[in-house]
Number of protein chains: 2
Amino acid sequence: MGVVPVDAQRAQANPAARAGAVATRRRGDALLRAIFDAVFDQLRTVGYANLTMDRVAAAAGTSKTVLYRRWSTKEDMIADALRHRLPSPGDIPLTGDVRADIHALLRCVQASFSSTRGTAFQLVSAEAGCDRPVVRQTIISHVVQPCIQLIGEVLRRAAERGEIRPEAAGELVAASGPAMLVQYSLIREPVVPDEFVASVVDQIVLPLTTRSAGAEHG
Amino acid sequence: MGVVPVDAQRAQANPAARAGAVATRRRGDALLRAIFDAVFDQLRTVGYANLTMDRVAAAAGTSKTVLYRRWSTKEDMIADALRHRLPSPGDIPLTGDVRADIHALLRCVQASFSSTRGTAFQLVSAEAGCDRPVVRQTIISHVVQPCIQLIGEVLRRAAERGEIRPEAAGELVAASGPAMLVQYSLIREPVVPDEFVASVVDQIVLPLTTRSAGAEHG
DNA sequence: GGAATTGGATACGGATTCGTATCTTAGAGA
DNA sequence: TCTCTAAGATACGAATCCGTATCCAATTCC
(Lines give C-alpha, C1' and ligand atoms only; values in the text may rest on other atoms or scores of the structure.)
Protein backbone atom coordinates (compact mmCIF):
# COMPACT_ATOMS: atom_id res chain seq x y z
CA MET A 1 0.00 0.00 0.00
CA GLY A 2 2.91 2.32 0.32
CA VAL A 3 5.01 0.80 -2.45
CA VAL A 4 2.54 1.57 -5.20
CA PRO A 5 3.32 4.73 -7.23
CA VAL A 6 2.20 7.57 -5.01
CA ASP A 7 1.61 10.02 -7.82
CA ALA A 8 -0.75 8.00 -9.94
CA GLN A 9 -3.58 10.50 -9.78
CA ARG A 10 -1.33 13.51 -9.85
CA ALA A 11 0.00 12.26 -13.15
CA GLN A 12 -3.52 12.66 -14.50
CA ALA A 13 -3.99 16.11 -13.05
CA ASN A 14 -0.52 17.40 -13.75
CA PRO A 15 0.99 16.29 -17.06
CA ALA A 16 4.39 17.50 -15.88
CA ALA A 17 4.63 14.46 -13.62
CA ARG A 18 5.03 11.87 -16.32
CA ALA A 19 4.86 8.14 -15.78
CA GLY A 20 8.21 6.78 -14.76
CA ALA A 21 9.34 10.10 -13.38
CA VAL A 22 10.42 10.13 -9.79
CA ALA A 23 7.68 11.03 -7.38
CA THR A 24 8.60 14.56 -6.48
CA ARG A 25 6.94 16.13 -3.51
CA ARG A 26 6.32 19.82 -4.07
CA ARG A 27 6.83 22.41 -1.37
CA GLY A 28 6.34 26.09 -0.71
CA ASP A 29 5.75 28.17 -3.79
CA ALA A 30 5.58 25.29 -6.25
CA LEU A 31 2.88 23.66 -4.18
CA LEU A 32 1.04 26.92 -3.77
CA ARG A 33 1.08 27.51 -7.49
CA ALA A 34 -0.37 24.06 -8.15
CA ILE A 35 -3.15 24.69 -5.63
CA PHE A 36 -4.05 28.07 -7.13
CA ASP A 37 -4.08 26.52 -10.59
CA ALA A 38 -6.45 23.89 -9.31
CA VAL A 39 -8.70 26.52 -7.72
CA PHE A 40 -9.18 28.48 -10.93
CA ASP A 41 -9.44 25.27 -12.90
CA GLN A 42 -12.26 24.09 -10.69
CA LEU A 43 -14.00 27.44 -10.88
CA ARG A 44 -13.90 27.22 -14.64
CA THR A 45 -15.07 23.63 -14.93
CA VAL A 46 -17.56 23.06 -12.11
CA GLY A 47 -18.26 26.62 -10.99
CA TYR A 48 -18.13 28.31 -7.64
CA ALA A 49 -21.20 26.59 -6.26
CA ASN A 50 -19.74 23.12 -6.81
CA LEU A 51 -16.18 23.88 -5.82
CA THR A 52 -15.22 21.77 -2.82
CA MET A 53 -12.05 21.35 -0.85
CA ASP A 54 -11.91 17.69 -1.79
CA ARG A 55 -12.08 18.46 -5.49
CA VAL A 56 -9.46 21.20 -5.32
CA ALA A 57 -7.14 18.88 -3.44
CA ALA A 58 -7.64 16.13 -5.99
CA ALA A 59 -7.12 18.49 -8.92
CA ALA A 60 -3.93 19.84 -7.37
CA GLY A 61 -2.64 16.33 -6.77
CA THR A 62 -2.51 16.89 -3.05
CA SER A 63 -4.80 16.25 -0.12
CA LYS A 64 -7.33 18.18 1.87
CA THR A 65 -5.02 18.29 4.87
CA VAL A 66 -2.61 20.51 2.99
CA LEU A 67 -5.37 22.96 2.19
CA TYR A 68 -6.69 23.18 5.73
CA ARG A 69 -3.19 23.75 7.03
CA ARG A 70 -3.17 27.03 5.09
CA TRP A 71 -6.76 28.28 4.96
CA SER A 72 -9.59 27.68 7.35
CA THR A 73 -12.40 28.28 4.88
CA LYS A 74 -13.07 27.96 1.19
CA GLU A 75 -13.55 31.70 0.91
CA ASP A 76 -10.17 32.42 2.46
CA MET A 77 -8.51 30.09 0.01
CA ILE A 78 -10.12 31.67 -3.04
CA ALA A 79 -9.50 35.19 -1.78
CA ASP A 80 -5.85 34.32 -1.26
CA ALA A 81 -5.62 32.80 -4.71
CA LEU A 82 -6.98 36.04 -6.12
CA ARG A 83 -4.53 38.19 -4.18
CA HIS A 84 -1.68 36.18 -5.65
CA ARG A 85 -2.94 36.18 -9.22
CA LEU A 86 -4.63 39.53 -9.74
CA PRO A 87 -2.61 42.35 -11.30
CA SER A 88 -2.03 45.59 -9.41
CA PRO A 89 -3.19 48.65 -11.36
CA GLY A 90 -1.15 50.88 -9.09
CA ASP A 91 2.09 49.40 -10.42
CA ILE A 92 1.42 50.59 -13.95
CA PRO A 93 3.61 53.56 -14.88
CA LEU A 94 1.59 56.38 -16.41
CA THR A 95 3.29 58.20 -19.24
CA GLY A 96 1.00 61.15 -19.77
CA ASP A 97 -0.11 59.92 -23.18
CA VAL A 98 -3.85 59.56 -22.82
CA ARG A 99 -4.29 56.79 -25.32
CA ALA A 100 -1.35 54.74 -24.08
CA ASP A 101 -2.26 55.13 -20.43
CA ILE A 102 -5.89 54.16 -20.88
CA HIS A 103 -4.81 51.23 -22.99
CA ALA A 104 -2.39 50.07 -20.31
CA LEU A 105 -5.02 50.35 -17.59
CA LEU A 106 -7.58 48.44 -19.61
CA ARG A 107 -5.04 45.71 -20.26
CA CYS A 108 -4.78 45.45 -16.51
CA VAL A 109 -8.48 44.71 -16.30
CA GLN A 110 -8.05 42.26 -19.14
CA ALA A 111 -5.21 40.60 -17.26
CA SER A 112 -7.48 40.00 -14.30
CA PHE A 113 -9.51 37.74 -16.55
CA SER A 114 -6.67 35.80 -18.12
CA SER A 115 -4.73 35.37 -14.88
CA THR A 116 -7.78 33.84 -13.26
CA ARG A 117 -8.62 31.78 -16.32
CA GLY A 118 -11.69 33.84 -17.03
CA THR A 119 -13.31 33.27 -13.69
CA ALA A 120 -12.73 36.71 -12.25
CA PHE A 121 -16.21 38.08 -12.72
CA GLN A 122 -17.80 34.79 -12.16
CA LEU A 123 -16.49 35.35 -8.66
CA VAL A 124 -17.73 38.88 -8.32
CA SER A 125 -21.28 37.66 -8.56
CA ALA A 126 -20.93 34.28 -6.97
CA GLU A 127 -21.65 35.40 -3.45
CA ALA A 128 -23.56 38.60 -4.07
CA GLY A 129 -25.60 39.64 -1.10
CA CYS A 130 -24.10 37.12 1.26
CA ASP A 131 -23.10 37.90 4.80
CA ARG A 132 -19.38 38.08 4.10
CA PRO A 133 -18.66 38.70 0.43
CA VAL A 134 -14.92 38.27 0.79
CA VAL A 135 -14.21 37.05 -2.69
CA ARG A 136 -16.49 39.60 -4.27
CA GLN A 137 -14.90 42.56 -2.55
CA THR A 138 -11.42 41.28 -3.18
CA ILE A 139 -11.66 41.47 -6.92
CA ILE A 140 -13.77 44.60 -7.07
CA SER A 141 -11.64 46.68 -4.76
CA HIS A 142 -8.37 45.24 -6.00
CA VAL A 143 -8.69 45.71 -9.74
CA VAL A 144 -11.81 47.30 -11.14
CA GLN A 145 -12.25 50.26 -8.85
CA PRO A 146 -8.55 51.22 -8.89
CA CYS A 147 -8.55 51.02 -12.66
CA ILE A 148 -11.63 53.20 -12.98
CA GLN A 149 -10.13 55.67 -10.57
CA LEU A 150 -6.80 55.78 -12.40
CA ILE A 151 -8.51 56.25 -15.74
CA GLY A 152 -10.41 59.09 -14.14
CA GLU A 153 -7.10 60.58 -13.05
CA VAL A 154 -5.69 60.32 -16.55
CA LEU A 155 -8.77 61.99 -18.00
CA ARG A 156 -8.77 64.75 -15.42
CA ARG A 157 -5.17 65.69 -16.09
CA ALA A 158 -5.76 65.59 -19.83
CA ALA A 159 -8.73 67.89 -19.35
CA GLU A 160 -6.58 70.30 -17.35
CA ARG A 161 -4.09 70.34 -20.20
CA GLY A 162 -6.95 71.02 -22.58
CA GLU A 163 -6.40 67.82 -24.55
CA ILE A 164 -9.90 66.55 -24.05
CA ARG A 165 -13.23 68.21 -23.41
CA PRO A 166 -13.74 68.85 -19.68
CA GLU A 167 -17.10 67.10 -19.44
CA ALA A 168 -15.46 63.83 -20.48
CA ALA A 169 -13.45 63.73 -17.25
CA GLY A 170 -16.33 62.23 -15.31
CA GLU A 171 -17.11 58.97 -13.60
CA LEU A 172 -19.16 57.55 -16.42
CA VAL A 173 -16.55 57.90 -19.14
CA ALA A 174 -13.88 56.54 -16.82
CA ALA A 175 -16.04 53.50 -16.11
CA SER A 176 -17.00 52.84 -19.71
CA GLY A 177 -13.84 50.96 -20.65
CA PRO A 178 -13.87 48.46 -17.80
CA ALA A 179 -17.63 48.05 -18.30
CA MET A 180 -17.11 46.94 -21.89
CA LEU A 181 -14.49 44.38 -20.87
CA VAL A 182 -16.61 42.98 -18.06
CA GLN A 183 -19.56 42.66 -20.40
CA TYR A 184 -17.45 40.87 -23.00
CA SER A 185 -16.25 38.37 -20.43
CA LEU A 186 -19.78 37.70 -19.26
CA ILE A 187 -21.56 37.53 -22.61
CA ARG A 188 -19.05 36.31 -25.17
CA GLU A 189 -16.14 34.35 -23.78
CA PRO A 190 -14.38 34.50 -20.40
CA VAL A 191 -11.01 35.71 -21.63
CA VAL A 192 -10.97 39.04 -23.46
CA PRO A 193 -8.82 39.18 -26.64
CA ASP A 194 -6.30 41.95 -27.27
CA GLU A 195 -8.09 43.34 -30.30
CA PHE A 196 -11.22 43.93 -28.29
CA VAL A 197 -9.32 46.01 -25.76
CA ALA A 198 -7.90 48.12 -28.57
CA SER A 199 -11.34 48.52 -30.12
CA VAL A 200 -12.80 49.73 -26.85
CA VAL A 201 -10.09 52.34 -26.51
CA ASP A 202 -10.47 53.65 -30.06
CA GLN A 203 -14.21 53.31 -30.55
CA ILE A 204 -15.61 54.02 -27.09
CA VAL A 205 -13.34 55.75 -24.59
CA LEU A 206 -11.36 58.09 -26.85
CA PRO A 207 -14.34 59.17 -28.97
CA LEU A 208 -16.09 60.19 -25.76
CA THR A 209 -13.22 62.51 -24.93
CA THR A 210 -12.98 64.36 -28.23
CA ARG A 211 -14.06 67.96 -28.31
CA SER A 212 -17.52 68.71 -29.68
CA ALA A 213 -18.71 65.20 -28.86
CA GLY A 214 -21.84 65.15 -26.77
CA ALA A 215 -22.08 68.93 -26.63
CA GLU A 216 -25.78 68.80 -27.35
CA HIS A 217 -26.66 66.23 -24.70
CA GLY A 218 -26.64 65.97 -20.91
CA MET B 1 -50.30 17.89 15.90
CA GLY B 2 -52.70 18.68 13.13
CA VAL B 3 -54.82 21.05 15.20
CA VAL B 4 -52.01 23.51 15.73
CA PRO B 5 -52.02 26.49 13.34
CA VAL B 6 -50.62 25.12 10.13
CA ASP B 7 -49.34 28.41 8.81
CA ALA B 8 -47.20 29.41 11.72
CA GLN B 9 -43.97 29.56 9.73
CA ARG B 10 -45.62 30.93 6.65
CA ALA B 11 -46.81 33.84 8.73
CA GLN B 12 -43.17 34.68 9.31
CA ALA B 13 -42.21 34.35 5.69
CA ASN B 14 -45.29 35.97 4.21
CA PRO B 15 -46.62 38.95 6.16
CA ALA B 16 -49.83 38.80 4.12
CA ALA B 17 -50.87 35.73 6.10
CA ARG B 18 -51.46 37.47 9.39
CA ALA B 19 -52.04 35.74 12.68
CA GLY B 20 -55.68 34.89 13.14
CA ALA B 21 -56.30 34.72 9.43
CA VAL B 22 -57.71 31.50 8.12
CA ALA B 23 -55.13 29.06 6.92
CA THR B 24 -55.35 29.53 3.19
CA ARG B 25 -53.81 26.99 0.91
CA ARG B 26 -52.52 28.66 -2.22
CA ARG B 27 -52.80 27.14 -5.67
CA GLY B 28 -51.74 27.69 -9.24
CA ASP B 29 -50.45 31.16 -10.00
CA ALA B 30 -50.59 32.45 -6.43
CA LEU B 31 -48.44 29.57 -5.29
CA LEU B 32 -46.09 29.96 -8.20
CA ARG B 33 -45.65 33.63 -7.42
CA ALA B 34 -44.82 32.88 -3.80
CA ILE B 35 -42.24 30.31 -4.89
CA PHE B 36 -40.57 32.66 -7.34
CA ASP B 37 -40.49 35.38 -4.70
CA ALA B 38 -38.78 32.94 -2.39
CA VAL B 39 -36.26 31.96 -5.06
CA PHE B 40 -35.10 35.52 -5.70
CA ASP B 41 -35.22 36.26 -2.02
CA GLN B 42 -32.92 33.37 -1.29
CA LEU B 43 -30.58 34.37 -4.08
CA ARG B 44 -30.32 37.82 -2.59
CA THR B 45 -29.82 36.74 1.00
CA VAL B 46 -27.79 33.52 0.91
CA GLY B 47 -26.55 33.53 -2.68
CA TYR B 48 -26.71 30.96 -5.43
CA ALA B 49 -24.18 28.62 -3.87
CA ASN B 50 -26.19 28.26 -0.67
CA LEU B 51 -29.62 28.15 -2.21
CA THR B 52 -31.27 24.82 -1.43
CA MET B 53 -34.64 23.35 -2.19
CA ASP B 54 -35.39 23.05 1.51
CA ARG B 55 -34.70 26.72 2.11
CA VAL B 56 -36.75 27.87 -0.85
CA ALA B 57 -39.65 25.73 0.30
CA ALA B 58 -39.42 27.12 3.81
CA ALA B 59 -39.19 30.70 2.58
CA ALA B 60 -42.20 30.20 0.34
CA GLY B 61 -44.16 28.69 3.18
CA THR B 62 -44.58 25.43 1.34
CA SER B 63 -42.76 22.12 1.25
CA LYS B 64 -40.12 20.50 -0.86
CA THR B 65 -42.64 18.12 -2.35
CA VAL B 66 -44.40 20.98 -4.10
CA LEU B 67 -41.16 22.08 -5.69
CA TYR B 68 -40.19 18.65 -6.95
CA ARG B 69 -43.63 18.17 -8.47
CA ARG B 70 -42.83 21.05 -10.80
CA TRP B 71 -39.08 21.02 -11.38
CA SER B 72 -36.66 18.15 -11.27
CA THR B 73 -33.56 20.21 -10.56
CA LYS B 74 -32.62 23.44 -8.89
CA GLU B 75 -31.43 24.84 -12.19
CA ASP B 76 -34.75 24.16 -13.87
CA MET B 77 -36.56 25.95 -11.10
CA ILE B 78 -34.39 29.05 -11.27
CA ALA B 79 -34.47 29.15 -15.05
CA ASP B 80 -38.26 28.94 -14.94
CA ALA B 81 -38.41 31.71 -12.36
CA LEU B 82 -36.33 33.86 -14.68
CA ARG B 83 -38.53 33.16 -17.68
CA HIS B 84 -41.54 34.32 -15.69
CA ARG B 85 -39.93 37.44 -14.27
CA LEU B 86 -37.65 38.75 -16.98
CA PRO B 87 -38.93 41.47 -19.29
CA SER B 88 -39.18 40.86 -23.03
CA PRO B 89 -37.29 43.47 -25.05
CA GLY B 90 -39.17 42.45 -28.17
CA ASP B 91 -42.42 43.77 -26.74
CA ILE B 92 -41.13 47.31 -26.55
CA PRO B 93 -42.67 49.52 -29.25
CA LEU B 94 -40.01 51.50 -31.10
CA THR B 95 -41.01 55.03 -32.02
CA GLY B 96 -38.19 56.06 -34.30
CA ASP B 97 -36.93 58.64 -31.86
CA VAL B 98 -33.36 57.54 -31.19
CA ARG B 99 -33.11 58.91 -27.69
CA ALA B 100 -36.50 57.61 -26.58
CA ASP B 101 -35.99 54.16 -28.09
CA ILE B 102 -32.56 53.66 -26.59
CA HIS B 103 -33.86 54.85 -23.26
CA ALA B 104 -36.76 52.40 -23.40
CA LEU B 105 -34.47 49.51 -24.28
CA LEU B 106 -32.05 50.32 -21.49
CA ARG B 107 -34.93 50.51 -19.04
CA CYS B 108 -35.68 46.97 -20.13
CA VAL B 109 -32.23 45.89 -19.04
CA GLN B 110 -32.73 47.82 -15.85
CA ALA B 111 -36.03 46.02 -15.30
CA SER B 112 -34.28 42.68 -15.50
CA PHE B 113 -32.42 43.70 -12.37
CA SER B 114 -35.35 45.02 -10.39
CA SER B 115 -37.71 42.20 -11.34
CA THR B 116 -35.21 39.67 -10.07
CA ARG B 117 -34.44 41.73 -6.99
CA GLY B 118 -30.99 42.54 -8.22
CA THR B 119 -29.88 38.97 -8.63
CA ALA B 120 -29.96 38.84 -12.41
CA PHE B 121 -26.27 39.10 -13.07
CA GLN B 122 -25.38 37.27 -10.00
CA LEU B 123 -26.96 34.41 -11.89
CA VAL B 124 -25.16 35.00 -15.15
CA SER B 125 -21.88 34.15 -13.53
CA ALA B 126 -23.04 31.70 -10.93
CA GLU B 127 -22.52 28.64 -13.03
CA ALA B 128 -20.07 29.91 -15.62
CA GLY B 129 -18.33 27.14 -17.44
CA CYS B 130 -20.47 24.37 -16.05
CA ASP B 131 -21.71 21.49 -18.10
CA ARG B 132 -25.20 22.87 -18.52
CA PRO B 133 -25.28 26.62 -17.92
CA VAL B 134 -29.06 26.84 -18.13
CA VAL B 135 -29.51 29.81 -15.87
CA ARG B 136 -26.64 31.71 -17.43
CA GLN B 137 -27.87 31.34 -20.97
CA THR B 138 -31.45 32.08 -19.98
CA ILE B 139 -30.77 35.59 -18.85
CA ILE B 140 -28.14 36.40 -21.45
CA SER B 141 -30.11 35.26 -24.44
CA HIS B 142 -33.43 36.49 -23.10
CA VAL B 143 -32.63 40.07 -22.22
CA VAL B 144 -29.12 41.36 -22.81
CA GLN B 145 -28.45 40.10 -26.31
CA PRO B 146 -31.90 41.06 -27.65
CA CYS B 147 -31.48 44.53 -26.16
CA ILE B 148 -28.07 45.00 -27.71
CA GLN B 149 -29.40 43.80 -31.02
CA LEU B 150 -32.41 46.12 -30.90
CA ILE B 151 -30.25 49.10 -29.98
CA GLY B 152 -28.10 48.17 -32.94
CA GLU B 153 -31.21 48.23 -35.11
CA VAL B 154 -32.20 51.66 -33.83
CA LEU B 155 -28.74 53.00 -34.51
CA ARG B 156 -28.57 51.48 -37.98
CA ARG B 157 -31.84 53.05 -39.05
CA ALA B 158 -30.83 56.39 -37.60
CA ALA B 159 -27.58 56.17 -39.54
CA GLU B 160 -29.51 55.47 -42.74
CA ARG B 161 -31.59 58.55 -42.10
CA GLY B 162 -28.39 60.49 -41.55
CA GLU B 163 -29.24 61.38 -37.97
CA ILE B 164 -26.08 59.90 -36.52
CA ARG B 165 -22.64 59.26 -37.88
CA PRO B 166 -22.48 55.91 -39.71
CA GLU B 167 -19.53 54.52 -37.74
CA ALA B 168 -21.58 54.72 -34.56
CA ALA B 169 -23.95 52.02 -35.82
CA GLY B 170 -21.64 49.24 -34.75
CA GLU B 171 -21.65 46.47 -32.21
CA LEU B 172 -19.54 48.28 -29.67
CA VAL B 173 -21.69 51.37 -29.37
CA ALA B 174 -24.83 49.25 -29.23
CA ALA B 175 -23.34 47.24 -26.39
CA SER B 176 -22.08 50.22 -24.41
CA GLY B 177 -25.38 51.04 -22.73
CA PRO B 178 -26.12 47.55 -21.38
CA ALA B 179 -22.46 47.24 -20.36
CA MET B 180 -22.73 50.30 -18.15
CA LEU B 181 -25.85 48.98 -16.45
CA VAL B 182 -24.37 45.56 -15.86
CA GLN B 183 -21.26 47.10 -14.40
CA TYR B 184 -23.31 49.30 -12.08
CA SER B 185 -25.25 46.32 -10.80
CA LEU B 186 -22.07 44.38 -10.16
CA ILE B 187 -19.94 47.10 -8.61
CA ARG B 188 -22.28 49.54 -6.90
CA GLU B 189 -25.64 48.14 -5.90
CA PRO B 190 -27.75 45.37 -7.42
CA VAL B 191 -30.68 47.52 -8.54
CA VAL B 192 -29.91 50.29 -11.00
CA PRO B 193 -31.58 53.67 -10.30
CA ASP B 194 -33.48 55.60 -12.96
CA GLU B 195 -31.12 58.54 -12.97
CA PHE B 196 -28.20 56.32 -13.85
CA VAL B 197 -30.01 54.97 -16.89
CA ALA B 198 -30.70 58.51 -18.06
CA SER B 199 -27.06 59.48 -17.47
CA VAL B 200 -25.83 56.57 -19.55
CA VAL B 201 -28.07 57.57 -22.44
CA ASP B 202 -27.04 61.22 -22.38
CA GLN B 203 -23.37 60.93 -21.44
CA ILE B 204 -22.32 57.70 -23.13
CA VAL B 205 -24.53 56.32 -25.87
CA LEU B 206 -25.78 59.51 -27.51
CA PRO B 207 -22.43 61.32 -27.42
CA LEU B 208 -20.94 58.35 -29.27
CA THR B 209 -23.43 58.83 -32.07
CA THR B 210 -22.93 62.55 -32.70
CA ARG B 211 -21.21 63.59 -35.88
CA SER B 212 -17.54 64.48 -35.69
CA ALA B 213 -17.09 62.37 -32.58
CA GLY B 214 -14.31 59.83 -32.90
CA ALA B 215 -13.47 60.88 -36.42
CA GLU B 216 -9.79 60.82 -35.63
CA HIS B 217 -9.72 57.39 -34.03
CA GLY B 218 -10.31 53.81 -35.09
C1' DG C 1 23.81 10.75 8.04
C1' DG C 2 20.21 12.19 11.41
C1' DA C 3 16.56 15.33 13.13
C1' DA C 4 13.02 18.41 12.30
C1' DT C 5 9.64 19.91 9.16
C1' DT C 6 6.25 19.62 5.90
C1' DG C 7 3.63 17.08 2.21
C1' DG C 8 0.38 13.58 1.50
C1' DA C 9 -2.91 9.54 2.20
C1' DT C 10 -6.70 7.78 4.71
C1' DA C 11 -10.42 7.43 7.83
C1' DC C 12 -14.04 9.29 10.68
C1' DG C 13 -18.11 11.63 12.81
C1' DG C 14 -21.25 15.10 12.11
C1' DA C 15 -23.92 17.99 9.40
C1' DT C 16 -26.24 19.10 5.23
C1' DT C 17 -28.60 18.22 1.06
C1' DC C 18 -30.93 15.56 -2.21
C1' DG C 19 -34.76 13.18 -4.01
C1' DT C 20 -38.56 10.12 -2.87
C1' DA C 21 -42.35 8.02 -0.41
C1' DT C 22 -46.25 8.36 2.44
C1' DC C 23 -50.09 10.43 4.40
C1' DT C 24 -53.37 14.06 5.63
C1' DT C 25 -56.30 17.74 4.33
C1' DA C 26 -57.81 22.07 1.88
C1' DG C 27 -60.05 23.76 -2.05
C1' DA C 28 -62.21 23.48 -6.76
C1' DG C 29 -65.66 21.53 -9.45
C1' DA C 30 -69.71 18.55 -10.38
C1' DT D 1 -72.76 17.30 -0.60
C1' DC D 2 -69.47 14.47 -2.68
C1' DT D 3 -65.34 13.61 -5.35
C1' DC D 4 -61.05 14.44 -7.06
C1' DT D 5 -56.96 17.04 -7.52
C1' DA D 6 -53.19 19.14 -5.58
C1' DA D 7 -51.01 21.39 -1.32
C1' DG D 8 -48.35 20.55 2.45
C1' DA D 9 -46.19 18.03 6.41
C1' DT D 10 -43.06 14.51 7.73
C1' DA D 11 -39.81 10.95 7.46
C1' DC D 12 -36.17 8.40 5.26
C1' DG D 13 -31.99 6.53 2.97
C1' DA D 14 -28.33 7.80 0.15
C1' DA D 15 -24.90 10.80 -1.07
C1' DT D 16 -21.97 14.60 -0.26
C1' DC D 17 -19.16 17.76 2.14
C1' DC D 18 -16.88 19.58 6.09
C1' DG D 19 -13.25 19.73 9.31
C1' DT D 20 -10.21 16.98 12.13
C1' DA D 21 -7.26 13.25 13.60
C1' DT D 22 -3.83 9.98 12.60
C1' DC D 23 -0.16 8.04 10.43
C1' DC D 24 3.57 7.67 6.93
C1' DA D 25 7.09 9.41 3.80
C1' DA D 26 9.84 12.87 1.30
C1' DT D 27 12.84 17.17 1.81
C1' DT D 28 15.39 20.18 3.92
C1' DC D 29 18.42 21.74 7.31
C1' DC D 30 21.96 20.91 10.52
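As a basis for the values below, the full set of heavy atoms in this structure was taken, side chains included, without hydrogen atoms, waters or symmetry mates.
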Which residues pass the side chain to side chain donor-acceptor pair (under 3.5 Å) test with A:Arg27, sequence neighbours left out?
-> none
Donor-acceptor pair (no angle test) under 3.5 Å: A:Thr65 side chain, C:dA9 base | yes
Which angle, to the nearest 10 degrees, lies between the helix axes at the two ends of the helix from C:dG1-D:dC30 to C:dA30-D:dT1, each defined by five pairs?
-> 30°
By side chain to side chain donor-acceptor pair (under 3.5 Å) - contacts of A:Ser114 (at least two apart) = none
Tell me, please, which residues at least two apart from B:Asp54 pass salt bridge (charged side-chain N to carboxylate O under 4.0 Å, His left out).
-> B:Lys64
For B:Arg33, check side chain to side chain donor-acceptor pair (under 3.5 Å) against everything at least two apart and list the hits.
-> none
For the pair made of CG in B:Asp76 and P in C:dC18, what is the distance, rounded to whole Å?
-> 14 Å
Produce the list of close N/O pairs, under 3.5 Å, pairing protein atoms with atoms of nucleotides 1-6 of chain D; give distances to one decimal.
{"residue": "D:dT5", "atom": "O2", "partner": "B:Arg27", "partner atom": "NH2", "Å": "3.1"}

Interface polar pairs with nucleotides 16-18 of chain D, N/O, under 3.5 angstrom:
{"residue": "D:dC17", "atom": "OP1", "partner": "A:Arg55", "partner atom": "NH2", "Å": "2.9"}
{"residue": "D:dC18", "atom": "OP2", "partner": "A:Met53", "partner atom": "N", "Å": "3.2"}
{"residue": "D:dC18", "atom": "OP2", "partner": "A:Asp54", "partner atom": "OD1", "Å": "3.2"}

Test side chain to side chain donor-acceptor pair (under 3.5 Å) applied to A:Glu171 - qualifying residues, sequence neighbours left out | B:Arg188
Phosphate-side-chain proximity, B:Thr62 and D:dA7, N/O vs OP1/OP2 below 4.0 Å = no
What residues form a salt bridge (charged side-chain N to carboxylate O under 4.0 Å, His left out) with A:Arg55, not counting sequence neighbours?
-> none
Sequence neighbours excluded, the answer for side chain to side chain contact (heavy atoms under 4.5 Å, CB included) partners of A:Glu153 is A:Arg156, A:Arg157
Residue list, salt bridge (charged side-chain N to carboxylate O under 4.0 Å, His left out) with B:Asp194, at least two apart or on another chain | B:Arg107
Between B:Val66 and A:Ser72, who's closer to the 5' end of DNA chain D by nearest nucleotide?
-> B:Val66
Ionic contact status for B:Asp80 with B:Arg85, cut-off 4.0 Å = no
Mind checking salt bridge (charged side-chain N to carboxylate O under 4.0 Å, His left out) for B:Arg70 and listing every partner two or more places apart, or none if nothing turns up?
-> none
